[in-house]
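Structure provided below as structure tokens; questions to follow.
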Amino acid sequence: MHDFIYTTQPSRGVFGAGSLKHLGREIELLGARRALVLSTPEQAAQAQRIADLLGARAAGIFPRAVMHVPIETAREACDEARRLGADCAVAIGGGSTTGLGKAIALLGDAAGGLPILAIPTTYAGSEMTPIYGLTEAGVKKTGKDLRVLPRTVIYDPELTLTLPARMSVTSGINAIAHAAEGLYAQDHNPVMDLMAEEGIRALADGIRRLEGDLHNIDARSDCLYGAWLCGSVLGSVGMSLHHKLCHTLGGSFNLPHAETHTIVLPHALAYNAAAAPQAMARIARALGADDAARAMQSLARDHGAPTALRDIGMKEADLDHAADLAMTASYWSPRPLEHAAIRALLQRAFEGAPPSAD
Ligand code: NAD
């Protein structure tokens, strides 16, 4: 066994179908009295339901979360929290809403920021990380600060039943990507390795069982359990080539988050396969397959998710620039970055070709 450091993150998780009923108790345990409920416009009805459930403990709702957390939206949410006298925020939704919660935890003027209770309804995993993103003047900056880590997370699979088929698969593979890269992280450790392998297994199994049966609550539960595990890995160890490529593609070419992850992951795994054989063996075992990269692409294809960047808005003419951008960011990768190989990887991802190490 290699030497390692393991730091526990201070976060409380409440799991189970119907666990939303514990919301009042959890707010009380946070020592809060008035919660501002955050959501996207699309999930405003769910936010209202949360406010109704909270009754006198609801300060109001702010249903205006959008992708990439524009700083203007974060400031408006902080102003609204102040105006309504909120002493905590409840974020119901995916990574965009959790991201808004994190921004007001960071920027809000309550002592130490507002504590956040997150209720995830996708598998993105942001609720388990101290990583935040803020977009100012079109540039998204990310940072790490323990204040933004939600104090409590309620994982209620009933709230994920409405997640459309395609997003269920792509969001699940987005989560798997955190665990897959966590397995070959420079600072990986035995605890996170266990969580990563189990997270991949639970999500892959859940995704397969959701096929044609989106209301399968057991499969939804397994996916959310997997999302918690994979999100914990993302919050604990460093990410590598795959996340940097997706950050570049999403940030500079405006590609959709979960779909980009789904398409790129098999190719990033193939790129690193020879340099990280133990990680690949664990990923393959979790997928019940021999080859991790090919099995990841099959998981997406077999369940109706996209496998080619050209199908989600990428232009072939931009691939050279994308490869240049990927090379400029400095980050560790088990296999060092080689421009020609990264450019070839992007070409294969663009075309939806089989993953390959060349
Ligand atoms: P999202 O939050 O942008 O949600 C996409 C859409 O799906 C929204 O309209 C949302 O309202 C809707 N939606 C969410 N749950 C639903 C449900 N159960 N039923 C129906 N519709 C639902 O998407 P996402 O993929 O969850 O999050 C992506 C964002 O999160 C990106 O900006 C990414 O950078 C960020 N993220 C951050 C971290 C982190 O650690 N900071 C981790 C993962 C993702």
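All values below come from the heavy atoms of this structure, side chains included, with hydrogens, waters and symmetry mates left out. Position 1 is the first residue of the sequence; numbering continues from there. Atoms within each ligand, like the ligands themselves, are counted from 1 in listed order.
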Exercise for the section: Go through the side-chain N and O atoms of Thr135 and Lys141 and say whether any donor and acceptor fall under 3.5 Å apart. Expected result: no

Handout entry: CZ (Arg49) with more than 12 external heavy atoms under 6.0 Å
Key = no

Exercise for the section: Check each protein residue for a heavy atom under 4.0 Å from ligand 1 and list those that pass, ordered by chain and number. Expected result: Thr40, Glu42, Gln43, Met67, His68, Gly94, Gly95, Ser96, Lys102, Thr121, Thr122, Ala124, Ser126, Thr129, Ile131, Lys140, Leu159, Thr160, Thr162, Leu163, Met167, Leu234, His257

Practice task
Check step by step if side-chain hydrogen bond (donor to acceptor under 3.5 Å, both in side chains) holds for Asn272 and Ser333.
Solution key: CA-CA 8 Å; Asn272 278 322; Ser333 170; 3.1 Å; yes

Practice task
Count the heavy atoms of every other residue, nucleotide or ligand shown that sit under 6.0 Å from CZ of Arg33, and state whether that count exceeds 12.
Solution key: no

Exercise for the section: Run the salt-bridge test on Arg83 and Glu80 with the 4.0 Å N-O cut-off and return the result as yes or no. Expected result: yes

Problem - Donor-acceptor under 3.5 Å (Ser19 side chain, Gly16 main chain) - result: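 Such a contact is found between Ser19 side chain and Gly16 backbone.
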
